[in-house]
Colleague: 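Got a structure here, written out as structure tokens. Questions coming.
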Amino acid sequence: QVQLVESGGGLVQPGGSLRLSCAASGSGFRGNVMGWYRQAPGKQRELVASITGLGSTNYADSVKGQFTISRDNAKNTVSLQMNSLKSDDTAVYFCYTRVGVRVYWGQGTPVTVSS
């Protein structure tokens, strides 16, 4: 079993920044891919960014150059630095990891970009 707990969401003005963090606990996930999805109101959940245990990263085209994903394997955390936020970035952000064929999700943290 793996537990994921996100933090760092909130309300931010357009152009602002937020840093999301996800703390993982349990077993079986160390060294596996971790990352972030988001789901905006009325839309499907979409991949935002992912990072392998060795640090290889993958980003959605819509956030390249804007978001940065990182992980600390010693602390079992993954973070998402979000800069130059736009209203289109408003969504609930979910941390995830894979163990075998199973995907584990956090409870989600809301990000609202609004003036």
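No hydrogens, no waters, no symmetry mates; every other heavy atom, side chains included, goes into these values.
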Colleague: Go through the steps to decide whether Arg102 and Gln1 satisfy the test side chain to side chain contact (heavy atoms under 4.5 Å, CB included), and finish with yes or no.
Modeller: CA-CA 10 Å; Arg102 183 168 178 177; Gln1 287 289 347; 4.0 Å; yes
Colleague: Just do the side chain to side chain contact (heavy atoms under 4.5 Å, CB included) check on Ser62 and Arg38 with the steps written out, would you?
Modeller: CA-CA 12 Å; Ser62 58; Arg38 68 185 179 186; 3.6 Å; yes
Colleague: Do side-chain atoms of Gln39 reach the backbone of Glu46 as a donor and acceptor pair under 3.5 angstrom?
Modeller: no
Colleague: Does Ile51 belong to the same Ile/Leu/Val/Met/Phe/Trp/Tyr cluster as Val63, with side-chain heavy atoms less than 4.5 Å apart forming each link?
Modeller: yes
Colleague: Show your working on side chain to side chain contact (heavy atoms under 4.5 Å, CB included) between Leu20 and Ser7 and close with a plain yes or no.
Modeller: CA-CA 6 Å; Leu20 306 182; Ser7 61; over 6 Å; no
Colleague: Do Tyr59 and Thr68 make a side-chain contact, defined as non-hydrogen atoms from C-beta onward lying under 4.5 Å apart?
Modeller: yes
Colleague: Under a 3.5 Å distance rule, please check whether Glu6 uses its side chain to pair with a backbone N or O of Cys95 as donor and acceptor.
Modeller: yes
Colleague: Any link between Val12 and Tyr93 through a network of hydrophobic side chains (Ile, Leu, Val, Met, Phe, Trp, Tyr) touching at under 4.5 Å?
Modeller: yes
Colleague: Do Val103 and Phe94 share a hydrophobic cluster, counting only Ile, Leu, Val, Met, Phe, Trp and Tyr and linking them when any side-chain heavy atoms are less than 4.5 Å apart?
Modeller: yes
Colleague: Once you round to the nearest 0.5 Å, how far does CE of Met82 lie from CD1 of Ile69?
Modeller: 11.5 Å
Colleague: Is the closest side-chain heavy-atom distance between Gln81 and Ser17 below 4.5 Å?
Modeller: yes
Colleague: Quick check: does any side chain N or O of Asn73 sit under 3.5 Å from a backbone N or O of Gly53, one acting as donor and the other as acceptor?
Modeller: yes
Colleague: Indicate yes or no for a side-chain donor-acceptor contact from Gln66 to the backbone of Asn83 under 3.5 Å, with no hydrogens or angles considered.
Modeller: yes
Colleague: When you compare the side chains of Arg45 and Tyr37, does any donor N or O come within less than 3.5 Å of an acceptor on the partner?
Modeller: no
Colleague: Can you name the nearest heavy-atom pair linking Ser79 to Ser21, along with the distance?
Modeller: OG-OG, 3.6 Å
Colleague: Tell me the closest heavy-atom pair linking Ala49 and Tyr96, and the distance in Å.
Modeller: O-CE2, 4.3 Å
Colleague: Measure the shortest side-chain to side-chain distance between Thr77 and Cys22 over non-hydrogen atoms and say whether it is less than 4.5 angstrom.
Modeller: no
Colleague: For Thr109 and Gly9, indicate whether the former's side chain and the latter's backbone hold a donor-acceptor pair under 3.5 Å.
Modeller: yes
Colleague: Decide whether Val92 and Leu80 are clustered together by the hydrophobic rule: side chain heavy atoms of Ile, Leu, Val, Met, Phe, Trp, Tyr closer than 4.5 Å, transitively.
Modeller: no
Colleague: Would you check, one step at a time, whether the test side-chain hydrogen bond (donor to acceptor under 3.5 Å, both in side chains) holds for Gln3 with Ser25?
Modeller: CA-CA 5 Å; Gln3 295 79 42; Ser25 61; 3.3 Å; yes
Colleague: How about Asp89 and Val111: do any of their side-chain heavy atoms sit closer than 4.5 Å?
Modeller: no
Colleague: Would you say the side-chain atoms of Thr112 pair up with the backbone N or O of Thr90, donor to acceptor, closer than 3.5 Å?
Modeller: no
Colleague: Determine, stepwise, if the pair Asn76 / Arg30 fulfils side chain to side chain contact (heavy atoms under 4.5 Å, CB included).
Modeller: CA-CA 7 Å; Asn76 298 323; Arg30 290 171 179 81; 3.3 Å; yes
Colleague: State plainly whether one hydrophobic cluster holds both Trp36 and Leu4, where clusters connect Ile, Leu, Val, Met, Phe, Trp and Tyr through side-chain heavy atoms under 4.5 angstrom apart.
Modeller: yes
Colleague: Could you tell me if Asn32 and Thr97 have a donor-acceptor pair between their side chains, going purely by distance under 3.5 Å?
Modeller: no
Colleague: On a heavy-atom basis, which atom in Gly8 and which in Leu18 lie closest, and how many Å separate them?
Modeller: O-CD2, 3.8 Å
Colleague: Measuring from atom CG of Asn58 to atom CG of Leu47, what distance do you get when rounded to the nearest 0.5 angstrom?
Modeller: 6.0 Å
Colleague: Please name the pair of heavy atoms, one in Ser115 and one in Pro14, separated by the smallest distance, quoted to 0.1 Å.
Modeller: N-CD, 3.7 Å
